[in-house]
Q: 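First, the structure itself, so that you have it in front of you.
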2 protein chains.
Amino acid sequence: MNIGEVAERSGIPPKTIRYYEDIGLVRPQRSENGYRAFRETDLHKLTFLGRARALGFSIEDCRTLLGLYEDESRESAQVKAVAEEHLSEIDSKIAQLQAMRQTLSHLVAACHGDDRPDCPILSDLSGAQAG
Amino acid sequence: MNIGEVAERSGIPPKTIRYYEDIGLVRPQRSENGYRAFRETDLHKLTFLGRARALGFSIEDCRTLLGLYEDESRESAQVKAVAEEHLSEIDSKIAQLQAMRQTLSHLVAACHGDDRPDCPILSDLSGAQAG
DNA sequence: CTTGAGCTTCCAGTGACTGGAACCCCTATA
DNA sequence: TATAGGGGTTCCAGTCACTGGAAGCTCAAG
């Protein structure tokens, strides 16, 4: 398979696939004309990567997960540890965003949003004490 | 004030303050020895930036907000529009993270996490249909 | 033979910093 | 007066995970 077909079937853009090769996540062979020649296993790996990335795993996590996937002597505890670590990072991010959301939505609600200049959003940012 | 004092009082690291000057968010004067000389208004701006960044506004949003803050003929509707736009981006991010969280927490719960190799997390990533 | 799609490499840019090197300035102390 | 240190300065490179673009090669169709 050429890169275009693999891109289509895996849902990962050609540019990204080349990048993944660059950083050693996939190692397609080469045809005589210099084109990358992907096998089914390469496609499989890329699909795996696509799903892992969609779950928010970092590239380094993906590398680890791919390694575990291909290691038949892995222990599922290793996989679970990576996933739990990532899950807790997701939880932190959600918490942080919800805190922002909380503050910001109050400010937005308090701003009358008309043609006058006074604005509780700017007041808050400038450090004024809430009344 | 030198950069160290401003950093301390605004809570923004010196490196970041220099970066903000680089991109034109603050324009401190210079002392004869070449040191940046910050006035109270500069400190004020940096504190404003710190709060806006803490609410997740992008640097470009911050630039806009600072501009509105200093523009006495602003309309609060302009500020509110920026904030609402940002709020909806926050909401999207939260939704995306929660979707990841949902999938991932199910997978983590399903993985026994022991010394055996079989693992529903890897099965899912590799594209197996859930049974 | 030309056209156009698809492939190749390499370089640069994204956002918002952050680390580090190499150097200057200022004050205090031996 | 020499020196040590803790400021400050600039500039360059790296982060993360791509993405865009330029220049050039390959291949199939008309």
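Below, chains carry the letters A, B, ... as their sequence lines are ordered, and counting in each starts from 1.
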Q: Report yes or no: do Ser76(A) and Asp118(B) form a side-chain donor-acceptor pair below 3.5 Å?
A: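 No.
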
Q: Nearest 0.5 Å, what's the CD-CD1 distance between Gln98(B) and Ile94(B)?
A: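 Answer for the CD-CD1 pair, Gln98(B) versus Ile94(B), is 6.5 Å.
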
Q: Going from OG on Ser10(B) to CD on Glu5(B), what distance comes out if it is rounded to the nearest 0.5 angstrom?
A: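 Atom-to-atom, Ser10(B):OG and Glu5(B):CD are 10.5 Å apart.
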
Q: Which pairs count as salt bridge (Lys or Arg N to Asp or Glu O under 4.0 Å) when at least one residue sits in residues 27-40 of chain B, sequence neighbours excluded?
A: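 Residue pairs passing salt bridge (Lys or Arg N to Asp or Glu O under 4.0 Å), neighbours aside: Arg9(B)-Glu40(B), Glu21(B)-Arg30(B), Glu21(B)-Arg36(B), Arg39(B)-Asp42(B).
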
Q: End-to-end bend of the helix from dC1(C)-dG30(D) to dA30(C)-dT1(D) (five-pair axes, 10° rounding)?
A: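 Comparing the axis at each end, I get an angle of 30°.
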
Q: Of all nucleotides in DNA chain D that come within under 4.0 Å of a heavy atom of chain A, which is furthest toward the 5' end and which toward the 3' end?
A: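 The contacted stretch runs from dA17(D) to dC27(D).
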
Q: Do any of residues 34-61 of chain B sit with a heavy atom less than 4.0 Å from DNA chain D, and if so which?
A: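 By residue number: Gly34(B), Tyr35(B), Arg36(B).
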
Q: Is there a donor-acceptor contact under 3.5 Å from the side chain of Lys45(A) to the main chain of Val26(A)?
A: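 Flag not set: sc Lys45(A) to bb Val26(A) has no pair under 3.5 Å.
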
Q: Please work out whether the ring planes of His86(A) and Phe57(A) are parallel, tilted or perpendicular, with thresholds of 30° and 60°.
A: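 Tilted, since the angle between the ring planes falls between 30° and 60°.
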
Q: Among residues 12-23 of chain A, which contact DNA chain C at a heavy-atom distance under 4.0 Å?
A: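 Here the set is Lys15(A), Arg18(A).
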
Q: Give me the residues of residues 81-100 of chain A where at least one heavy atom lies under 4.0 Å from an atom of DNA chain D, by number, or none.
A: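 Per residue number, the list is empty: none.
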
Q: Report yes if the side chains of Leu55(A) and Leu125(B) come closer than 4.5 Å at any heavy-atom pair, otherwise no.
A: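 In contact.
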
Q: So does Tyr35(B) get a backbone contact from the side chain of Asn33(B), meaning a donor-acceptor N/O pair under 3.5 Å?
A: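 Yes; at least one donor-acceptor contact below 3.5 Å.
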
